[in-house]
Amino acid sequence: MIVATSPLSFADRLSAKARPWFRSEAIRFIAYLGLCAAYLQGGFNKLTDFPAAVGEMTHFGLTPAPVFAVLVIALELGASAMILFGKLRWLGALALAGFTLMATFLALRFWELPVGPERFGAANSFFEHLGLCGAFLLVAWYDLRDK
């Protein structure tokens, strides 16, 4: 008896072509690097211009500002390294998700701004940062799932 098989759909054929590329370790590392890029840049900038880092903490009312600056530098660089190199990746991802969420509610309170371009930009940045939190949660989920 001959069993008729249905031809693969366009979506199936397309995903079959993409799958080998997106299963590569290089692509995964590039994705993690892109996700951590702002935190690496921010941490290195704060590290190389510590007075500006202290000024940023002061601007947001965090005291003692030098202590917060050191903690933020350590978090941004340390958690990024955890993600990039796979050592407790899930913990680094959750740390950056939590940090991003707190920083977003501290720095991007768009609802307090008058209607206009500044509020519009702050609202966009607020929701983009929520997207980053979601991406970090996905990294943690992926790293902790049963393999």
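Just so you know, these numbers use all the heavy atoms, side chains as well, and skip hydrogens, waters and symmetry mates.
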_Close side-chain approach of Gln41 and Lys46, heavy atoms under 4.5 Å_ = no
*Charged tip of Arg28 within 45° of Tyr32 ring normal and under 6.0 Å*: no
_If we ignore hydrogens and angles and just use 3.5 Å, is the side chain of His59 paired with the main-chain N or O of Gly55 as donor and acceptor?_
no
*Check whether Ile30 and Phe85 end up in the same hydrophobic cluster, where Ile, Leu, Val, Met, Phe, Trp and Tyr are linked by side-chain heavy atoms less than 4.5 Å apart.*
no
*CH2 of Trp111: more than 12 outside heavy atoms within 6.0 angstrom?*
yes
*Enter the distance from Arg145:CZ to Leu138:CG here, rounded to the nearest 0.5 Å.*
11.5 Å
_Rounded to the nearest 0.5 Å, what separates atom CH2 in Trp21 from atom CD1 in Ile27?_
7.5 Å
_side-chain contact (heavy atoms from CB on, under 4.5 Å) between Leu132 and Leu96, intermediate numbers included_ = CA-CA 9 Å; Leu132 280 171; Leu96 285 179; over 6 Å; no
*asked:* What's the separation between atom OG in Ser125 and atom CZ in Phe120, rounded to the nearest 0.5 Å?
replied: 10.5 Å
_Hydrophobic cluster membership, with links at side-chain heavy-atom distances under 4.5 Å among I/L/V/M/F/W/Y: are Leu71 and Leu47 in one?_
no
_Minimum heavy-atom distance between His129 and Thr100, given as atom pair plus value_ = O-CG2, 3.7 Å
_Test of understanding: clusters of I, L, V, M, F, W, Y form through side-chain heavy atoms closer than 4.5 Å, transitively. Do Leu130 and Leu94 belong to the same one?_
no
*Given side-chain contact (heavy atoms from CB on, under 4.5 Å), test Leu88 with Trp90 step by step and report yes or no.*
CA-CA 5 Å; Leu88 295 172; Trp90 64 271; 3.9 Å; yes
*side-chain contact (heavy atoms from CB on, under 4.5 Å) between Leu62 and Leu106, intermediate numbers included*: CA-CA 10 Å; Leu62 300 172; Leu106 178 67; 4.2 Å; yes
_Nearest-0.5 Å distance that lies between atom NZ in Lys17 and atom CG in Asp12_ = 13.0 Å
*Are the aromatic rings of Phe126 and Phe105 close, with centres under 6.0 Å apart?*
yes
*Is the Phe99 ring parallel, tilted or perpendicular to the Tyr39 ring (thresholds 30°, 60°)?*
perpendicular
*Nearest 0.5 Å please: distance from the CZ atom of Arg89 over to the CE atom of Met82.*
10.5 Å
_Is it the case that over 12 heavy atoms from other parts of the model lie below 6.0 angstrom from the CZ atom of Phe50?_
yes
*Grab the two heavy atoms, one from Ala79 and one from Gly92, that are nearest each other, plus how far apart they are.*
CB-O, 3.6 Å
*Give, for atom CD of Glu76 and atom CG of Asn45, the distance between the pair rounded to the nearest 0.5 Å.*
9.5 Å
*Please answer: with hydrophobic residues joined when any side-chain heavy atoms are less than 4.5 Å apart, are Leu33 and Val139 in the same cluster?*
yes
*Are Leu101 and Phe136 connected in a single hydrophobic cluster, I mean Ile/Leu/Val/Met/Phe/Trp/Tyr linked by side-chain heavy atoms less than 4.5 Å apart?*
no
*Counting distance only, does the side-chain N/O of Arg119 pair as donor-acceptor with the main-chain N or O of Pro114 below 3.5 Å?*
no
_Closest approach of Leu75 to Ala95 (non-hydrogen atoms, all atoms of both residues)_ = CD1-CB, 3.8 Å
*Which heavy-atom pair separates Leu8 from Arg13 by the least distance, and what is that distance?*
O-NH1, 2.7 Å
_Side chain Ser80, main chain Leu77, donor-acceptor under 3.5 Å_ = no
*When you look at Ile83 and Leu35, which way does the side-chain contact (heavy atoms from CB on, under 4.5 Å) test go after all the steps?*
CA-CA 9 Å; Ile83 291 168; Leu35 186 57; 5.6 Å; no
